[in-house]
Amino acid sequence: MEEIKVFAPATVANLSCGFDVLGCCLDNVGDDMLVKKNDLGRVQITKITGQDLPMETDKNVAGVAVQALLEAADSKQGFDIEIDKKIKAGSGIGSSAASSAGAVYAVNKLLGEPFSQKELIAFAMEGERLASGNAHADNVAPALLGGFSLVKSYEPLEVLKLPAPSDLKMVILHPHIEIKTRDSRGIIRQSVSLKKAINQWGNLAALVSALYTDDYQLLGRSLKDEIVEPIRSILIPHFDSLKGIALKSGALGFGISGSGPSVFAMCRGEETAKKVYAEIEKFYADKTIEFELHLSSINPQGIKEYK
Ligand code: ADP
């Protein structure tokens, strides 16, 4: 195998009660990547379309993630990486994670799969370290594994794949304002009261139970965040109104996607998701901010290969 083309999906991290530990994979939002072996003995980013991003291997998350993999594999093989960016950088739906995860997935395949999907997470996290200064796994894990991922611990890294109820839909609003992950991490308080922590881990445990039992109502009641959302939502224009509209239109829950500015509404069924989509679209139409809306199923597979 000399080359491979993959779909690298967008992901929604945190999901209200799972700050830095929970994420899920989207089905129809993502980048395309083409990775080819070269004879140069080095990794190069040969083409980026759709976005203005660094071409230098050391400054592009795809390059950094692949270099981490090659070092661990003790391989001198070179690769050319082309990225067709459809997820906007800084959108909060895992733009950097898609490139990191897509690149390590592709290179692993071309090397004859020396690593498992779970082992690839640590390499993709090096891309996240470059993008945000923090090697978090809650976007790269669901991008690589699909469905929902739970980061049980970072040291040692232990990631679990959770089941996704088949009727779940995500409506994502991306208001075109810039919030850097670095900045939105900076405003979060570093300590949490015991009372809030108890509520948060109660919700997270209930959410995991809901995923295993297909309990959509419990899932909705668990999508709460008393720790990060009250602070971060200040950065997102009309957050409270959007949340009210989504819940009134039938969404199970509503929250910030990753570090924002994108927000998500989790819904049961296509019909409800379309209603939520339409109501959010109507509400945002007369605001001065440009925006993008997505409606997606949960992608159970993660990265997909184009045959
Ligand atoms: P997101 O949460 O959507 O991934 P971040 O703000 O965390 O957004 O990451 C985007 C940052 O990563 C930008 O500064 C961007 O220049 C940098 N970056 C480097 N390479 C890539 C890439 N291949 N795809 C996306 N972002 C990249």
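The chain is numbered in sequence order, starting from 1. All ligand and atom numbering here is 1-based and tracks the order in the structure. Quantities reported herein were computed from a predicted structural model and do not represent experimental measurements.
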### Task
Provide the number and element of each atom of ligand 1 under 4.0 Å from a heavy atom of Ser99.
22 (C), 23 (N), 24 (N)
### Query
Would Phe283 and His238 count as a close aromatic pair, with their ring centres under 6.0 Å?
yes
### Message
Using the rule given for salt bridge (Lys or Arg N to Asp or Glu O under 4.0 Å), can you reason through Glu126 versus Arg129, listing the C-alpha separation, both sets of side-chain angles and the distance that settles it, and then say yes or no?
### Response
CA-CA 5 Å; Glu126 290 307 313; Arg129 192 192 302 283; 3.0 Å; yes
### Message
For Leu53, which part has a heavy atom under 4.0 Å from ligand 1: side chain, backbone, both, or neither?
### Response
side chain
### Task
Could you tell me whether Glu271 and Lys274 have a side-chain N and a carboxylate O separated by less than 4.0 Å?
no
### Summary
Numbered in order shown, the ligand 1 atoms found under 4.0 Å of a heavy atom of Ser91 are 3 (O)
### Query
Is atom CD of Glu71 surrounded by more than 12 heavy atoms (other residues, nucleotides or ligands) closer than 6.0 Å?
no
### Message
Looking only at distances, can you tell me whether any N or O atom of Gly92, backbone or side chain, sits closer than 3.5 Å to an N or O atom of ligand 1?
### Response
yes
### Task
Using distance alone, decide if ligand 1 has a nitrogen or oxygen within less than 3.5 Å of any nitrogen or oxygen in Ala97.
no
### Query
In terms of side-chain geometry, is the basic nitrogen of Lys88 or Glu292 positioned less than 4.0 Å from the acidic oxygen of its partner?
yes
### Query
Which part of Gln51 is near ligand 1, with near meaning a heavy atom under 4.0 Å away: side chain, backbone, both or neither?
neither
### Query
Which one holds for Ser96 and ligand 1: side chain close, backbone close, both close, or neither close, with close meaning a heavy atom under 4.0 Å?
both
### SB check Glu270 Lys169 (cutoff 4.0 Å)
yes
### Message
For atom 19 (C) of ligand 1, which of the options Glu128, Lys59, His174 provides the nearest non-hydrogen atom?
### Response
Lys59
#### Entry: Residues, nucleotides or ligands: over 12 heavy atoms within 6.0 Å of Asp39 CG
no
### Numbering as shown, the atoms of ligand 1 that approach Lys85 to under 4.0 Å (heavy-atom distance)
24 (N), 25 (C)
### Message
Under 3.5 Å between any N/O of Ser259 and any N/O of ligand 1: does that happen in this structure?
### Response
no
### Query
Do any nitrogen or oxygen atoms of Gly90 come within less than 3.5 Å of a nitrogen or oxygen of ligand 1?
yes
### Query
Any Lys/Arg nitrogen of Glu305 or Lys5 sitting under 4.0 Å from an Asp/Glu carboxylate oxygen of the other?
no
